[in-house]
Amino acid sequence: MRAAVCSGYGPPEVVRVQELPSPALAEGQVRVQVTAAAVNFPDVLLVAGKYQVTVPPPFVPGSEFAGVIAEISGGTGDFAVGDRVTGTAMFGAFAEEVCAGIAGVARIPDGIDAPTAAASGVAFRTAYHALHSTAQIRSGDDVVVLGAGGGVGLAAVALGTALGARVIAVASSPEKLSAAEHYGAVQGINHHGGQLREALRELLPGGAAAVIDPVGGELSEPALRSLKRGGRFVTVGFASGTIPRIPLNLVLVKGIQILGFQFQDIPVDEFTRNEAELAELLASGAVAPHIGATYELADTAAALRHVADGRAIGKVIITVS
């Protein structure tokens, strides 16, 4: 099979497409013929050897895929060969075949194509659980979304709007803010203009109910300051590459909560409910991912570079077959 291989840690350009044997199928796994895969910022960090966990090279990067089950190996429930599925794994998705455990795959609803399924997996699930269960937003809440042009950020804009929130989008370019406004943001702030704290204060004199932060870095503190008393700051990741330092006196004085989002922290029954609600929103067309760029498997390094340079708007997709 063809696969994009990271033979040693480094920039995206170390990834090369080559022929590899098909991956071994373990008990309780399914083999998926990959149709499309989505590029996420952690893929860039994993290739660079700078992610919070490491995978020894050589390895096939890629954590999010959609395709068709080609083979099963016991203990796979009611999945069958030929089922259209989307899934996640730590690595292995940028290839013609990937093997994944049953817990890491789900059927693609009718009416959703493979690129859309790949693009709406991790980002939309992260955003929905973070908004609904961690931030606990309600209709009418003012919500600040940092990195609003990226995969998780743009998903949070669309889903926050669908849940009835008033979303303030913070992004790094007019193009990203335009996309955020297209998906429902009521206001946009270009943080490259500086003075984010003042801009948020002007737009939200009463303070925001919640902040969704997939970026970190220098944006976190001014966004946290924009919260009203009792507001929730949800940290999702650090796409800026910098973990922020937060003055704890702000937490004390404003009575706010700083919360970290992890899938495993959501109670099982609530997780199941959220997943069903999100699937319905996607299947009905009420929300949809924005695919900002598409690359062929042969151009995987270029797709990773697109994400690494912060040029991605929404999701970047690699088409495989």
Side-chain angles (χ1 to χ4, degrees), residues 1-6 15 17-40 42-43 46 55 58-126 128 263-264 268 271-272 274-285 288-289 291 294-300 303 315-321:
M1 69 169 188
R2 291 186 309 144
V5 179
C6 173
V15 175
V17 174
Q18 60 189 64
E19 289 288 335
L20 289 182
S22 294
L25 185 66
E27 184 74 10
Q29 287 190 326
V30 295
R31 184 188 307 281
V32 177
Q33 287 185 325
V34 180
T35 304
V39 184
N40 296 292
D43 299 326
L46 208 62
V55 178
F59 67 92
V60 176
S63 56
E64 193 170 14
F65 59 88
V68 178
I69 293 178
E71 186 180 356
I72 60 176
S73 179
T76 55
D78 59 353
F79 283 98
V81 171
D83 284 349
R84 299 170 64 242
V85 295
T86 184
T88 57
M90 179 61 69
F91 57 93
F94 299 161
E96 290 180 327
E97 296 179 5
V98 64
C99 293
I102 191 66
V105 297
R107 282 190 179 82
I108 299 174
D110 292 339
I112 296 180
D113 61 20
T116 300
S120 59
V122 172
F124 268 72
R125 292 174 66 226
T126 296
Y128 195 78
F263 282 114
Q264 62 264 33
V268 174
F271 185 91
T272 302
N274 288 351
E275 292 283 301
E277 291 174 354
L278 176 58
E280 185 176 344
L281 285 170
L282 288 165
S284 70
I291 298 175
T294 302
Y295 291 83
E296 299 290 333
L297 180 62
D299 300 318
T300 295
K315 298 292 289 190
V316 173
I317 292 295
I318 294 173
T319 57
V320 180
S321 61

Problem set entry | Contact check, side chains of Arg31 and Pro23, non-hydrogen atoms, under 4.5 Å | yes
For this session: Can you measure from CG (Leu281) to OH (Tyr128) and round to the nearest 0.5 angstrom?
Result: 5.5 Å
For this session: Would you mind reporting whether Val30 and Val85 have side-chain heavy atoms less than 4.5 Å apart?
Result: no
For this session: Would you check if Arg107 and Phe79 make a side-chain contact, meaning some heavy-atom pair closer than 4.5 Å?
Result: yes
Exercise. Any side-chain heavy atom of Leu46 within less than 4.5 Å of one from Phe59?
Worked result: yes
Exercise. Judged by atom type as modelled, is there a donor-acceptor pair below 3.5 Å linking the side chain of Thr300 to the main-chain atoms of Leu297?
Worked result: yes
Exercise. Do the side chain of Thr86 and the main chain of Phe65 share a donor and acceptor less than 3.5 angstrom apart?
Worked result: yes
Exercise. Do Val39 and Tyr295 touch side chain to side chain, with heavy atoms closer than 4.5 Å?
Worked result: no
For this session: Answer yes or no: is there a side-chain heavy-atom contact under 4.5 Å between Pro115 and Ile291?
Result: yes
For this session: Have a look at Glu64 and tell me which of Ile318, Ile317, Asn40 forms a side-chain contact (heavy atoms from CB on, under 4.5 Å) with it.
Result: Asn40
For this session: Test side chain to side chain contact (heavy atoms under 4.5 Å, CB included) on Ser63 and Thr88 and set out the steps.
Result: CA-CA 5 Å; Ser63 56; Thr88 57; 5.7 Å; no
Problem set entry | Test item: Val34 and Glu96 side chains (from C-beta on) under 4.5 Å apart, heavy atoms | no
Problem set entry | Over all atoms of both residues, closest heavy-atom pair of Ala118 and Ala36 | CB-O, 4.0 Å
For this session: Check for a donor-acceptor pair, side chain of Asp83 on one end and backbone N or O of Ala80 on the other, with a separation under 3.5 Å.
Result: yes
For this session: Over all heavy atoms of both residues, which pair between Ala303 and Val316 is shortest? Give the atoms and the distance, please.
Result: CB-CG1, 4.1 Å
Exercise. Counting only heavy atoms not in Met1, do more than 12 fall under 6.0 Å of its CE?
Worked result: yes
For this session: Heavy atoms only: give me the nearest Arg84-Pro109 pair and the separation to one decimal.
Result: NH1-O, 3.8 Å
